[in-house]
Amino acid sequence: MDLGPHAAYIWASFGAAALILLVLVVWLVLDGRQQQKMIAELEARGVRRRSDTSG
Amino acid sequence: MQQAQSLTQRLANPTRFMELSATLLPWLTVAAVVLTVIGLVMGFAAPVDYQQGHTAKIMYVHVPAAWLSMAGYSLIAISSFGLLVFRHPLADVSAKAAAPIGAAFTLLCLVTGSLWGKPMWGAFWVWDPRLTSVLILFFLYIGLIALRSAIEDEALAAKLTAILALTGIVILPVIKFSVDWNSLHQPASVMRIGAPKIHPSLLWPLLVMAVGLTIAFVALHMKGMRNEILRRRVRALRSAEVQMAAGAASPLPAE
């Protein structure tokens, strides 16, 4: 696709958008997995929140 | 009234939010990807701008990023208000989750703006009212993240961050009206009084991209809120573990 004399600026803009969105998605997915892993480890050790044990 | 109150109560419950968001998140993700891809295809197939040529295609990421940088800050301000005034249980979760996402979209706006500015204005950066006010918005986002992480007491951090967020909202009208203050930046073409000044053949791809990226923002924010709720559960479990250990170490004296 010929985007004219300023093609590098156009591709760099779309590349920056893809990179920033990808970093956000990867960070959020890894963070979520990390939190779920820690909850599973704590629960495996028999730890329960007060709200889970009462009633 | 009764119904409205029960809806608010339902949304205020983190467990209910986790259930609802688990259902919505896959649909939002698919909608965001599909609409963004359609918007990109429409944008690259759109006619070439008569003045700027293909370079005008940068608007398909720059303009939605700019809108979302301001929408993200508005979301933080509304959430902060919800925390300070209504003490809504999810308000601080929402404000905290929105800050890095809003900062990322503001960074994207600044980067794509620079890459658009160089071929059109001859410079990557000028200390223009619009550019400078968006840079201040980016620093505000960084300030909110830094302030929160600098205070160990979570409740205090939430309150102080909310106060800073509400104070910083003054930047939004400054950004909006800065194009009228001797700015190189072009005035609003879409969100203005009267009809949009942009041709429909270029406007439609922009609107589709804007809707796609807005749904992406909502999905990212929802995922961030889910992570934050899980983080708070981890903290509660650790605290319960410490209390269990302390209880086991010092049994209650016999009466």
Side-chain angles (χ1 to χ4, degrees), chain A, chain B residues 15 29 32 36 40 43-44 48 52-62 64-65 97 100-101 104-105 107-108 110-120 124 209 213 216-217 219-224 226-245:
Chain A
M1 181 184 282
D2 179 22
L3 292 179
H6 305 307
Y9 296 102
I10 301 165
W11 288 123
S13 296
F14 285 93
L19 180 69
I20 287 173
L21 285 173
L22 187 71
V23 168
L24 269 179
V25 169
V26 169
W27 167 62
L28 286 168
V29 169
L30 291 182
D31 185 31
R33 281 188 193 162
Q34 173 80 4
Q35 302 310 320
Q36 273 171 334
K37 192 178 153 205
M38 284 194 283
I39 288 175
E41 282 172 5
L42 283 158
E43 286 180 347
R45 293 207 292 266
V47 185
R48 292 283 180 275
R49 286 182 302 160
R50 209 180 302 167
S51 56
D52 293 338
T53 51
S54 63
Chain B
T15 306
T29 307
T36 305
L40 278 174
F44 277 90
V48 177
Q52 298 193 18
H54 286 288
T55 317
K57 294 193 192 311
I58 296 175
M59 80 171 164
Y60 297 124
V61 281
H62 175 73
I101 302 165
F105 276 86
L107 178 65
L108 180 59
L110 288 167
V111 169
T112 53
S114 280
L115 288 165
W116 198 358
K118 179 65 179 166
M120 293 299 111
F124 282 112
M209 278 295 284
L213 289 175
F217 189 107
L220 290 166
H221 181 238
M222 198 175 267
K223 176 67 178 159
R226 287 175 61 81
N227 289 354
E228 183 55 28
I229 290 169
L230 292 177
R231 198 180 338 275
R232 289 174 188 205
R233 282 186 185 167
V234 169
R235 210 170 297 131
L237 284 171
R238 281 193 177 142
S239 165
E241 188 177 36
V242 169
Q243 282 176 1
M244 276 167 60

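Throughout, protein chains are lettered first and strands after them, A, B, ... in sequence-line order, and every chain is numbered starting at 1.
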**Request:** Please identify each residue that fulfils ring-ring contact (aromatic ring centres under 6.0 Å, His included) with B:F124, with sequence neighbours left out.
**Result:** none

What part of [X] is in contact with chain B, defined as an atom under 4.5 angstrom from a non-hydrogen atom: side chain, backbone, both or neither?
| X | result |
| --- | --- |
| A:L19 | neither |
| A:I10 | both |
| A:L42 | side chain |
| A:R45 | side chain |

Most heavy-atom pairs under 4.5 angstrom with chain A, which of [options]?
| options | result |
| --- | --- |
| B:K57, B:M244, B:E228 | B:K57 |
| B:T29, B:V61, B:T36 | B:V61 |
| B:P119, B:A236, B:A97 | B:P119 |

**Message:** What I'd like to find out is whether the side chain of A:D31 reaches to under 4.5 Å of the side chain of B:L230, using heavy atoms alone.
**Reply:** no

**Asked** Less than 4.5 Å apart, any side-chain heavy atom of B:M120 and any of A:H6?
**Response** yes

**Asked** What class does the angle between the rings of A:F14 and B:F44 fall in, given that below 30° is parallel, 30 to 60° is tilted and above 60° is perpendicular?
**Response** tilted

**Approximate separation, where rounding is to 0.5 Å, of A:Q36 CD and B:N227 CG** = 8.0 Å

**Prompt:** Got a second to check how far A:Q35's CD is from B:R232's CZ, nearest 0.5 Å?
**Reply:** 11.5 Å

**Request:** Start with the C-alpha distance between B:R238 and A:M38, add both sets of side-chain angles, then the distance that settles side chain to side chain contact (heavy atoms under 4.5 Å, CB included), and finish with yes or no.
**Result:** CA-CA 10 Å; B:R238 281 193 177 142; A:M38 284 194 283; 3.2 Å; yes

**Item:** Leading residue by heavy atom contact count with chain B [cutoff under 4.5 Å; candidates A:A8, A:G4, A:A17, A:A7]
**Value:** A:A17

**Item:** Nearest non-hydrogen partners of B:L108 and A:A16, listed with the distance
**Value:** CD1-C, 3.8 Å

**Item:** Shortest non-hydrogen separation from B:L237 to A:V47 and the atoms involved
**Value:** O-CG1, 3.0 Å

**Request:** Inspect the surroundings of CZ in A:R33 and state if more than 12 heavy atoms from other residues, nucleotides or ligands are less than 6.0 Å away.
**Result:** no

**Asked** Can you list the residues that meet the side chain to side chain contact (heavy atoms under 4.5 Å, CB included) rule with A:L24, with sequence neighbours excluded?
**Response** A:W27, B:I101, B:A104, B:F105, B:L220

**Heavy-atom contact with chain A under 4.5 Å, split by part of B:V234** = both

